[in-house]
*Asks:* 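Got a structure here, written out as structure tokens. Questions coming.
Residue numbers begin at 1 in each chain, while the letters A, B, ... track the order of the sequences.
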Amino acid sequence: MATQKPSIPKGTRDFSPREMIRRNHIFRTIEEVFKTSGYQPLETPAMENLSTLTGKYGEEGDRLLFRILNSGDFLSGIAPAGLPGMDARSLARHIADKGLRYDLTVPFARFVVQHRHEIVFPFKRYQIQPVWRADRPQKGRYREFYQCDVDVVGSTSLLNEAELVQIMDEVFRRLEVGVEIRINNRKILAGMAEVMGVPDKMKDLTIAMDKLEKIGLENVIGELNDRGIPAEAVEQLKPVLGFQGGNAEKIAFLRNMLASSATGMKGTEELERLFGYLEQSDIGATCLLDLTLARGLDYYTGTIFEVVATEWLIGSICGGGRYDDLTGIFGMPGISGVGVSFGADRIYDVMLNTHKFPEAIESATPVLFLNFGEEEAGHVLPLLKALREAGISAELYPDPVKIKKQMSYANQRQVKVVVLIGKDELKEKMATVKDMTTGRQEKVSFEQLAEKVKSVL
RNA sequence: GUGGAUGUAGCUCAGUUGGUUAGAGCACUGGAUUGUGGUUCCAGGGGUCGUGGGUUCGAGUCCCAUCUUCCACCCCA
């Protein structure tokens, strides 16, 4: 067999021990915050039935789903004559009925409906697992990445939204990542489309508005025109796009602008109440009412969130919102949920580039016993066990190779303490303890070893 | 899915208008030092030049295709 160059699929990554220590620091911090707010852990399978996934993320989302080829003779049901006339899309419907999950929210909704009789509502869960998207990789964009979701379903209270903001604030405070939390409400966007006389164009409207920060006012207006929104409607939108003022002023402005839209007024009230809660919640990060925030996922119906890092531009590092009827598609209408998702990989990128990883999490190196041969190594085993029981991580070099080689290994592993027990030491029942940072070494009795090692560490 | 850039040793990169056997630094292995690392010195191993075609007497170098990575669009964590 010809040797092949080892590689991994496009957009996926290996994580080295050094990277894993840092990633785990992020995961543990997030999980800790989730737990202290009363959320419970949940996991779902990497793959879902394709019928569960399709149609939940919009047309673009469907395109980005990874499909899993059926097992067995999956072409048997297709007439060979029909094949040439079939495009990849329709063929895919016949030969794939499973797909990798695209996010954690839809599988969660599926879980809630499927287990509705076992669940006590309001149900609060968190879920930290990878998701897959067949997107083209780019800066901060991967085909396999981890999401850390917190959701609560079965409650329409805006206190849930406020709690999620608190969680976002606390996570990034603990990770020492500077952020701005942007908040909007889909009902506001629907209301705008309504008062502009283009209620069916809400999606086009939001896609264009969302780009304001990126492409500027002129280009947004151009895009609105291209998307078939009449000039007089665009004219009504201009004050929104150019609005300067604080959150309270924005709410007052909306109340005036959206007066004729029941939906719009509902959204305005929701925002007002949420910001009221936030004022009483002692939030450290900036919470900004962003009238141009849209978010592409189809299922959001109320409050929407997005978090961006202020010290490193990489797109959003956390996002989410309220979905009023996600469970309805699975046959359980009338259950409202709200949640946010932390993008662990992007948070990692931000922390790496802004040097936010604490040194302390990196230096958990063990004590190393050198291996002088079969007999000497045998005498090390009880000492090794004693150290470990004393809570000191320790290891014995497995092969009796040259001491120089073993020392070199210790050095590269950044081992702080090396213990040498050779023929000489065995005779006196002593161990030589070497401090690798100073280079100094000292002989101690086996009984004193743990204590001595501790003093050097 | 659209457009642009990229690929030479494990890593970072040289490589002339196309011309012998493709180089350097770091890393690795062995030795100076038969029980002592991080410094130094000496020696050594390692590359079908991303892959597949083509042009040419001759291709790392030119052309085409394809893949990877990166960047932008779309969309998004």
*Asks:* Under a 3.5 Å cut-off for both distances, is B:C13 Watson-Crick or wobble paired, and to whom?
*Replies:*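 Paired with B:C13, as far as the under-3.5 Å criterion goes, is B:G23.
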
*Asks:* Expressed as a whole number of Å, how far does the C1' atom of B:C26 sit from that of B:U66?
*Replies:*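 To the nearest whole Å, 33 Å.
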
*Asks:* Have a look at A:Lys405 and say if it touches a base, only the backbone sugar-phosphate, or nothing, with a 4.0 Å heavy-atom cut-off.
*Replies:*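 Sugar-phosphate: the residue A:Lys405, judged by heavy atoms under 4.0 Å, touches backbone atoms but no base.
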
*Asks:* Side chain of A:Asp424, heavy atoms from C-beta onward: which of B:C71, B:U36, B:G35 has the nearest atom to it?
*Replies:*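 The nucleotide sitting nearest to the side chain is B:G35.
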
*Asks:* Do the charged groups of A:Asp345 and A:Arg23 touch, with an N to O distance under 4.0 Å?
*Replies:*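 Salt bridge between A:Asp345 and A:Arg23, a charged N being under 4.0 Å from a carboxylate O: yes.
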
*Asks:* Is a donor-acceptor contact shorter than 3.5 angstrom present between the side chain of A:Arg136 and the base of B:C75?
*Replies:*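 Not at all, since no donor on one side and acceptor on the other fall under 3.5 Å apart.
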
*Asks:* Look at the rings of A:Tyr146 and A:Phe27 and say which category their plane angle falls in: under 30° parallel, 30 to 60° tilted, over 60° perpendicular.
*Replies:*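 If you compare the ring of A:Tyr146 with that of A:Phe27, the planes turn out tilted.
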
*Asks:* Toward the 5' end of RNA chain B, which comes first, A:Lys423 or A:Ile207, by nearest nucleotide?
*Replies:*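 First, find each residue's nearest nucleotide; the 5'-ward one identifies A:Lys423.
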
*Asks:* What is the distance, to the nearest angstrom, from the CD atom on A:Gln138 to the C1' atom on B:C75?
*Replies:*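 Distance, rounded to whole Å: 10 Å.
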
*Asks:* Given the P atoms of B:G44 and B:U61, what is the spacing between them in whole Å?
*Replies:*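 Between the two P atoms, the distance is 30 Å.
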
*Asks:* Please determine whether any donor N or O and acceptor N or O are separated by less than 3.5 Å between the side chain of A:Arg141 and the base of B:C75.
*Replies:*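 Donor-acceptor pair under 3.5 Å: yes.
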
*Asks:* Please report, rounded to the nearest Å, how far the P atom of B:C71 is from the CG atom of A:Leu313.
*Replies:*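 To the nearest whole Å, that distance equals 13 Å.
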
*Asks:* Tell me whether A:Glu32 is salt-bridged to A:Arg28, with the criterion being a basic N under 4.0 Å from an acidic carboxylate O.
*Replies:*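 The answer is no: the pair does not qualify as a salt bridge.
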
*Asks:* Within the structure, does a side-chain N or O atom of A:Lys402 lie under 4.0 Å from either OP1 or OP2 of B:G37?
*Replies:*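 Indeed not, no polar side-chain atom of A:Lys402 lies that close.
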
*Asks:* Quick check on RNA chain B: between A:Tyr102 and A:Arg63, whose nearest nucleotide comes earlier from the 5' end?
*Replies:*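 It is A:Arg63, whose closest nucleotide lies nearer the 5' terminus.
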
*Asks:* Would you say the side chains of A:Thr292 and A:Asp210 form a donor-acceptor pair under 3.5 Å?
*Replies:*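 No.
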
*Asks:* Any strand counts, and the cut-off is 3.5 Å on both contacts for Watson-Crick or G-U wobble. Which nucleotide pairs with B:G1?
*Replies:*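 For B:G1, the partner nucleotide comes out as B:C73, under the 3.5 Å rule.
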
*Asks:* Between the protein and nucleotides 65-69 of chain B, list the N/O to N/O atom pairs that are separated by less than 3.5 angstrom.
*Replies:*
residue, atom, partner, partner atom, Å
B:U68, OP2, A:Lys10, NZ, 3.3
B:U69, OP1, A:Gly11, N, 3.0

*Asks:* Under 4.0 Å, heavy atoms only, any strand: does A:Gly58 hit a base, just the sugar-phosphate, or nothing?
*Replies:*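 No contact at all - A:Gly58 keeps every heavy atom at 4.0 Å or more from the nucleic acid.
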
*Asks:* Counting only Watson-Crick pairs (N1-N3 plus N6-O4 or O6-N4) and G-U wobbles (N1-O2, O6-N3), all under 3.5 Å, who is the partner of B:U66?
*Replies:*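 When the pairing criteria are applied, B:G50 turns out to be the nucleotide that pairs with B:U66.
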
*Asks:* Between A:Phe342, A:Phe34, A:Tyr39, A:Phe108, which is the residue that forms a ring pair (Phe, Tyr, Trp, His ring centres under 6.0 Å) with A:Tyr126?
*Replies:*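 Per the ring pair (Phe, Tyr, Trp, His ring centres under 6.0 Å) rule, the option paired with A:Tyr126 is A:Phe34, out of A:Phe342, A:Phe34, A:Tyr39, A:Phe108.
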
*Asks:* Describe the nucleic acid contact of A:Glu425 in one word from base, sugar-phosphate, nothing, applying a heavy-atom distance below 4.0 Å.
*Replies:*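 Answer is base: heavy atoms of A:Glu425 come under 4.0 Å of a base.
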
*Asks:* Do A:Arg22's NZ or CZ and the ring of A:Tyr348 fall within the cation-pi criteria of under 6.0 Å and 45°?
*Replies:*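 No; the conditions do not both hold, so A:Arg22 does not lie above the ring face of A:Tyr348.
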
*Asks:* Give me the residues of residues 145-153 of chain A where at least one heavy atom lies under 4.0 Å from an atom of RNA chain B, by number, or none.
*Replies:*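 Close to the strand are A:Phe145, A:Gln147.
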
*Asks:* Between A:Arg322 and A:Glu270, is there a side-chain N and carboxylate O pair less than 4.0 Å apart?
*Replies:*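 Not counted as a salt bridge, because no side-chain N and carboxylate O are separated by less than 4.0 Å.
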
*Asks:* Rounded to the Å, how far apart are A:Lys139 NZ and B:A5 P?
*Replies:*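 Spelled out: NZ on A:Lys139 to P on B:A5 is 20 Å.
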
*Asks:* Atom CD of residue position A:Gln114 - does it have more than 12 heavy atoms of other residues, nucleotides or ligands inside 6.0 Å?
*Replies:*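 Above 12, so yes.
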
*Asks:* By the 4.0 Å heavy-atom rule, please label A:Asp103 as base, sugar-phosphate, or nothing.
*Replies:*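 Nothing: the residue A:Asp103, judged by heavy atoms under 4.0 Å, touches no strand.
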
*Asks:* Using only heavy-atom distances, decide whether a donor-acceptor pair under 3.5 angstrom links the side-chain of A:Asn411 to the base of B:G37.
*Replies:*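 When only heavy-atom distances are counted, A:Asn411 does reach the base of B:G37 through a donor-acceptor pair under 3.5 Å.
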
*Asks:* Heavy atoms only, 4.0 Å cut-off, all strands: where does A:Gly422 land among base, sugar-phosphate and nothing?
*Replies:*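 Base contact.
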
*Asks:* How many angstroms lie between atom CG of A:Leu164 and atom CG of A:Asp169, to the nearest 0.5 angstrom?
*Replies:*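 The distance works out to 12.5 Å.
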
*Asks:* What's the gap between B:G50 and B:C13 when it is taken at their P atoms, as a whole Å value?
*Replies:*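 Nearest-Å result for B:G50 against B:C13 at atom P: 15 Å.
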
*Asks:* Taking the six-membered ring of A:Phe66 as reference, does the NZ or CZ atom of A:Arg133 fall below 6.0 Å from its centre and within a 45° cone about the axis?
*Replies:*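 No - A:Arg133 does not lie over the ring of A:Phe66 by the 6.0 Å and 45° rule.
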
*Asks:* Report which part of the nucleic acid A:Phe372 touches: base, sugar-phosphate, or nothing (heavy-atom distance under 4.0 Å, all strands).
*Replies:*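 Base contact.
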
*Asks:* As a test of reading the structure: which of B:G37, B:C76, B:G31 is closest to the side chain of A:Ser408, going by heavy atoms?
*Replies:*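 That would be B:G37.
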
*Asks:* State, without any angle test, whether A:Glu163 and A:Ser37 hold a side-chain donor-acceptor pair at a distance under 3.5 Å.
*Replies:*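 Side-chain D/A pair, A:Glu163 to A:Ser37: absent.
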
*Asks:* Please tell me which of the listed nucleotides, B:U36, B:C74, B:G30, lies nearest to the side chain of A:Lys404?
*Replies:*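 Nearest listed nucleotide: B:U36.
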
*Asks:* What is the base-pairing partner of B:U39, counting Watson-Crick and G-U wobble geometry with both distances under 3.5 Å?
*Replies:*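 The base-pairing partner of B:U39, which may sit in any strand shown, does not exist here.
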
*Asks:* Quick one about A:Tyr323 and A:Asp151 (side-chain donor to acceptor, distance below 3.5 Å, no hydrogens or angles considered), yes or no?
*Replies:*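 Yes, side-chain donor-acceptor contact under 3.5 Å.
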
*Asks:* Please list, in numerical order, the residues of residues 435-452 of chain A that have a heavy atom closer than 4.0 Å to any atom of RNA chain B.
*Replies:*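 Heavy-atom contacts with RNA chain B come from A:Met436, A:Thr437, A:Gly439, A:Gln441.
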
